[in-house]
Amino acid sequence: MKTFRLQLRFLVPLLLILVATAYLAVPVMDKLTLRWFARDLDMRGNLVANALSESVADALQYSRTRRIESLFERALQDERLVAIAWCSEAQEVGHRTEQFPKDLSCAGANALAGGKDPALQLNGGPVHVSVHPVMSEAGPMGSLVLLHDLSFIERRSQDTRKYLIILIAGLGAAFALVTVVVAQLSWRGWISGTRALLRGEGLVRPLLPGAPELAPLAADLRQRLRDLEDEYRRAQRPDAVWSPERLQSLLHTQLRGDQVIVVSNREPYLHQLEDGKVVVRRPASGLVTAVEPVMRACSGTWIAHGSGTADRQAVDKHDRVPLPPGQHDYLLRRLWLTGEQEQGYYYGFANEGLWPLCHVAHVRPVFREADWQHYRDVNQLFADAVVAEARSEDPIVLVQDYHFALLPAMVRKRLPRATILTFWHIPWPNPESFGICPWRTEILEGMLGSTILGFHTRYHCKNFIETVDRYMEARIEHEHSTITFGGEQTLVESYPISIEWPAEEETKRWPTPAQSRAEVYARLGIPPDHHLAVGVDRFDYTKGILERLNAVERMLEKHPEWRERFTFVQVAAPSRGALDEYRSFQERIHRATERINARFGREGAPVIRLLAQHHEHDEVNKLYRAADVCLVTSLHDGMNLVCKEFVAARDDERGVLVLSRFAGAAREMPEALVVNPYHVEETADALHQALTMPAAEQRERMASLRSTVREFNVYRWAGRMLSDAARLRLRQRVSERVQRHAAVD
Ligand code: F6P
């Protein structure tokens, strides 16, 4: 259709030119034919006059009128000759045929003869007048006036005109056909050349054989690719650690400072009313730990649910608040939910449905129609807010987590040119497990509105791609890890999330490990000769807290030498307490703690200290620095950032990490003691091994872990995603540019 429209641009002027040519050519043709025929008639007139001249002269000499009439009658048998007259030397009409006009005098005939155009009308048709002298031996004897019919010329002209128009139309059709064929061939060649460019062919070598018109475009692309390659090479250098500055430079160069909008359920800071005062709190959330430093580097707007008790007091009239407090690096836009919406969308569909569905932690997912309805409504509410906050038609939207599976497609619908990066912070199960969700197709369709869909591990990506393959009609390219659905392509990639590596100025302010230990021991009343293990989690059944307690109990059974020489501190930040499953889990943990303390604790020195309250980052950091061992025994975890925080806190290169093999982090941290938390013996043995590990081995393992986490920090997580986004945006822009060029040409 498009090519047809383009070709019309050539064809319409061509047709106009042909019509104009026909319009001008026909009268010229008419005149020329008339002249040619007049000349022809003059010659014929001469022949007739020559043939008659002698006989007419004889007849005149002897005044034989009958003879003259008969000569004239015979001559008139020529179909073109319509009338003859003889003019005397005195210019008087002597003899004439019947047709000869009575009002045409000899002088009039002389005047008309030799004119270019027919000037005389006879019987409604044009006639040609010619005058020829009659000569006898005695001298001139007047002249013959011959009138030739010209109407046949009119008829011939009409025929000529008809053939001329047919010829011009034929030529026009031939030109049009040739134009269409040539245009089609060139268009195809151009398009395939441009496609080849987009695929990268012809970019390495500067020439594009057969398509020199694409050379300027190729040069542009080559330059941009060189920039990207430079950036990529810098990223690959061993000393190239991702930092806020590097992320900022990526944003300003490759992403041209485009607007970044983050969407998450949990907000980075809550304003809480405590003892009549408004205080600012950081929620216990891996998502916030990871995304907040990225936002500080990127600026932009973060849209989240305002769930703090004093949140409304802190916002301006647009429901915005600049953050972090006192620094104002980015804006938080708070959205308000009704109690019913929060219940249905957050507690219900997200945390009773999707959370157990994706974690496969042996808690049955619950799916209710009413929860689904709220989930859809709240996704729409947040999608509308993204559109309202967007300052351009193509912002970079970072969608966080399983609370917003439908939002990517909703945003894509309103902002088709936006770059939507969705990061799924929790595991993705296998297709069979996911298949029990009644709205599995809607969820997959929603997520495929993303430009890039990120998971922590390749394994989760593989599960997702297989799930799409099982339940959707989509095109999957395993080689490139892309899914094409509804004409849009989604890149499915793994981006292991991480933490912000603490800056040197910050670590200088930290109390030493010895000070931290003294403080923690004093505050919790831990006997100074005790070894200390810690666990820091949200109070969630996926974290393997019960399995951890069982392992502690088993270790004390197997190794009595640790009794009265060992304390385990479990920080359990309150989480989703409105749900029965969480409440009953928390009760079980309390009961297990009591049981173990009753078995192995002493009066005033329990083995297990369960701290089921919110802890600020500094307190948790002190705990990490005070501990001999950190236990992370999740039954299933997307990544788990506690293990990375522990490693970052140990600048003394001491302490041992016991890590579940079911946490995404286990893939990056093999120097930890990796355990199966379902296997109580193995975990108990690992705990014992950790408590008895020589200092040198601790140092070796910890140094290696630290260098991994320093390098694979959260800026790398965001940087890799944004670099991929920049590449895809560039591709989109080039392809739009190509379309524009094509439309103009
Ligand atoms: O692990 C998934 C996740 O969304 C994390 O990103 C975050 O740490 C945690 O859940 C927070 O849970 P909630 O926001 O429900 O307290």
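FYI, side chains are in, hydrogens and waters are out, and symmetry mates aren't considered; it's all heavy atoms of this structure. Both ligands and their constituent atoms are indexed starting at 1 by order of listing.
Taking CZ from R667 and CZ from R661, the interatomic distance works out to 10.0 Å, rounded to the nearest 0.5 Å.
With respect to E442 and R376, no salt bridge is recorded, no charged nitrogen being found less than 4.0 Å from a carboxylate O.
Applying the side chain to side chain donor-acceptor pair (under 3.5 Å) test between N265 and each of Y346, Y345, Y402 identifies Y345 as the sole match.
Ordered by chain and residue number, the residues placing a heavy atom less than 4.0 Å from ligand 1 are R266, S285, G286, L287, Y346, W355, D401, Y402, H425, I426, R538, R576.
Taking the six-membered ring wherever Trp is involved, the centroid distance between the rings of F423 and H456 falls below 6.0 Å. Taking the six-membered ring for Trp, W372 and F367 have ring centres at least 6.0 Å apart.
Between F382 and F404, the two ring planes are tilted [angle within 30° to 60°].
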